[in-house]
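Whatever order the structure lists ligands and atoms in, that order sets their numbers, starting from 1. All of these numbers come straight from a predicted model, not from anything done at the bench.
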Amino acid sequence: MELIEISHPLKDHYLSILRNKDTDFDTFRISASKLSYLLAVEATKHLSLKNIEIQTPLVTTSAYEVENNSVAISVLRAGLGLVDGVKDLIPNVSFGYIGVQRNEETAEPENYYEKLPELNDKNVFILEPMLATGGSLSFAIETVKKYNPKNIHALTVIAAPEGIELIKEKHPDITLITASIDEKLNENWYIVPGLGDMGDRLFGTT
Ligand code: URA
């Protein structure tokens, strides 16, 4: 598995706003959105280009166009907070949604919602901001792999070492991009230092 921790002063600025417990909902949402552009730029470095010819005001010249073969998948609900960067930067990206929950009896992850566009031979970007145990991201990756994508990039805001280890072991063929590798999980499976519950902080629930 390729692991990329992005390094950028704007990342440090917006991540600090997200971590601060006194940040209000509006500022939290806006900062998550801004961070999503930095994650999207890093995650799209491999996209393939088509050669095209265009007219400038002066001459005909060769130019480029990114191929229309990308899909972003939000893992509900916190993944919705990272939609802006991929939506605004990747030309004609399609969107899918996966809702993952733990089965009360088996404790295994299962999906309660799945709506996916065509994934065969696509660049797939999975949006899962908090990589804690890695259970739901691993489940989302397994779901996506059934449809034979070209490649998979997972975009996370914060990744715990425990989650990184699980993804490395189960999905060595993906690329994981994160704004921060944090210290650990606490006894309630929250990432430390972390930012609390991403879904609650994005949507104003407690
Ligand atoms: N999900 C969150 O939103 N926060 C954590 O710290 C762990 C999982």
task: Could you tell me which non-hydrogen atom of Y97 sits nearest to which non-hydrogen atom of L80, and how far apart they are?
output: CE2-CD2, 3.7 Å

- prompt: Does the ring center of H13 lie less than 6.0 Å from the ring center of H8?
  reply: no

Mind listing the N or O contacts between ligand 1 and protein, cut-off under 3.5 Å?
{"from": "ligand 1", "atom 1": "3 (O)", "to": "M198", "atom 2": "N", "distance (Å)": "2.8"}
{"from": "ligand 1", "atom 1": "4 (N)", "to": "G196", "atom 2": "O", "distance (Å)": "2.8"}
{"from": "ligand 1", "atom 1": "6 (O)", "to": "I191", "atom 2": "N", "distance (Å)": "2.8"}

message: Using 30° and 60° as the class boundaries, would you call the ring planes of F125 and H153 parallel, tilted or perpendicular?
response: tilted

query: Short question: side chain of T178, backbone of S180 - any donor-acceptor pair under 3.5 Å?
result: yes

field: Crowding at NZ, K145 (>12 non-hydrogen neighbours, <6.0 Å)
entry: yes

field: Summary of salt bridge (Lys or Arg N to Asp or Glu O under 4.0 Å) pairs that have at least one residue in residues 106-131, sequence neighbours excluded
entry: none

